[in-house]
Amino acid sequence: QVQLAESGGGLVQAGGSLRLSCAASGRTFSNFVMGWFRQAPGKEREFVATISWSGSSTSYRDSVKGRVTISRNNAKNTVYLQMNSLKPDDTDVYYCNAVTQKGVAIGIWDWGQGTQVTVSS
């Protein structure tokens, strides 16, 4: 079955932390650069972070630098997003997918259901 399954979101107070997970199946996960995205209602999905196939190279959007860490475990076909010092502006639905090195989704997997992150002030 070819799919992505995001999990780990929830409701957290400002300043708190969450660790998001995205389990991939049906494709050779280790072949792809992976990325995390976020989307608010009525807005376009936007890039958050990317990680190279080996995990040796990462990139982040400016608004999350220093607070967010992307990682991956190729043996488990899973990519993670550790989010610290969360702010209300981080409230969104978070998704993962295979991407280019510039964070553009390349359609290897259909989008999953996402995981909701809600940060209260």
Side-chain angles (χ1 to χ4, degrees):
Q1 194 170 6
V2 180
Q3 66 178 11
L4 297 167
E6 299 91 349
S7 62
L11 173 62
V12 64
Q13 289 189 332
S17 297
L18 286 171
R19 188 192 194 206
L20 309 184
S21 298
C22 172
S25 61
R27 296 283 186 261
T28 305
F29 176 80
S30 59
N31 284 352
F32 302 108
V33 177
M34 294 296 294
W36 280 95
F37 296 79
R38 57 194 286 179
Q39 187 172 26
K43 294 188 177 181
E44 292 196 359
R45 194 173 281 128
E46 61 183 22
F47 147 81
V48 176
T50 65
I51 186 165
S52 62
W53 66 269
S54 68
S56 62
S57 178
T58 58
S59 65
Y60 301 92
R61 71 181 299 111
D62 287 346
S63 62
V64 303
K65 284 180 180 177
R67 301 188 297 116
V68 166
T69 303
I70 188 171
S71 61
R72 67 190 295 162
N73 184 327
N74 287 339
K76 295 185 177 181
N77 290 347
T78 301
V79 61
Y80 305 98
L81 192 70
Q82 178 67 45
M83 306 177 69
N84 300 324
S85 302
L86 282 162
K87 305 175 181 180
D89 283 349
D90 294 319
T91 296
D92 270 327
V93 180
Y94 286 73
Y95 302 85
C96 73
N97 216 318
V99 296
T100 66
Q101 290 188 345
K102 294 189 175 183
V104 178
I106 56 175
I108 298 298
W109 284 277
D110 290 336
W111 293 99
Q113 81 287 353
T115 187
Q116 175 71 51
V117 171
T118 303
V119 184
S120 63
S121 57

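For the single chain, residues carry numbers from 1 onward in sequence order.
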How far apart are the closest heavy atoms of [X] and [Y], and which atoms are they?
| X | Y | result |
| --- | --- | --- |
| N84 | S17 | OD1-OG, 2.9 Å |
| A24 | L4 | CB-CD2, 3.6 Å |
| V93 | Q113 | CG1-O, 4.2 Å |
| S121 | P88 | CB-CG, 3.9 Å |
| L86 | M83 | CD2-CE, 3.6 Å |
| A49 | L81 | CB-CD1, 4.2 Å |

Would you say that [X] contacts [Y] through its side chain, given a criterion of any heavy-atom pair below 4.5 Å between the two side chains?
| X | Y | answer |
| --- | --- | --- |
| F47 | V99 | no |
| T118 | S120 | no |
| T91 | Q116 | yes |

Between Y95 and R45, is there a cation-pi geometry (under 6.0 Å to ring centre, at most 45° from the normal)?
-> yes
Over 12 non-hydrogen atoms of neighbours within 6.0 angstrom of CG in N31 | yes
Distance in Å, [X] [atom1] paired with [Y] [atom2], rounded so as to fall on 0.5 Å steps:
| X | Y | atom1 | atom2 | value |
| --- | --- | --- | --- | --- |
| T115 | D92 | OG1 | CG | 12.0 Å |
| S21 | Q82 | OG | CD | 9.5 Å |
| R72 | C96 | CZ | SG | 10.0 Å |

Do [X] and [Y] share a hydrophobic cluster (ILVMFWY, side-chain heavy atoms under 4.5 Å, transitive)?
| X | Y | result |
| --- | --- | --- |
| Y94 | Y60 | yes |
| V48 | F32 | yes |
| F37 | V64 | no |
| I106 | I70 | yes |
| F29 | V2 | yes |

With M34, the side-chain contact (heavy atoms from CB on, under 4.5 Å) member among W53, W109, Y80 | W109
Salt bridge present between K87 and D90 (N-O < 4.0 angstrom) | no
Have S59 and T50 got a donor and an acceptor in their side chains that come within less than 3.5 Å?
-> yes
Donor-acceptor pair, side chain of T78 and main chain of K76, under 3.5 angstrom = yes
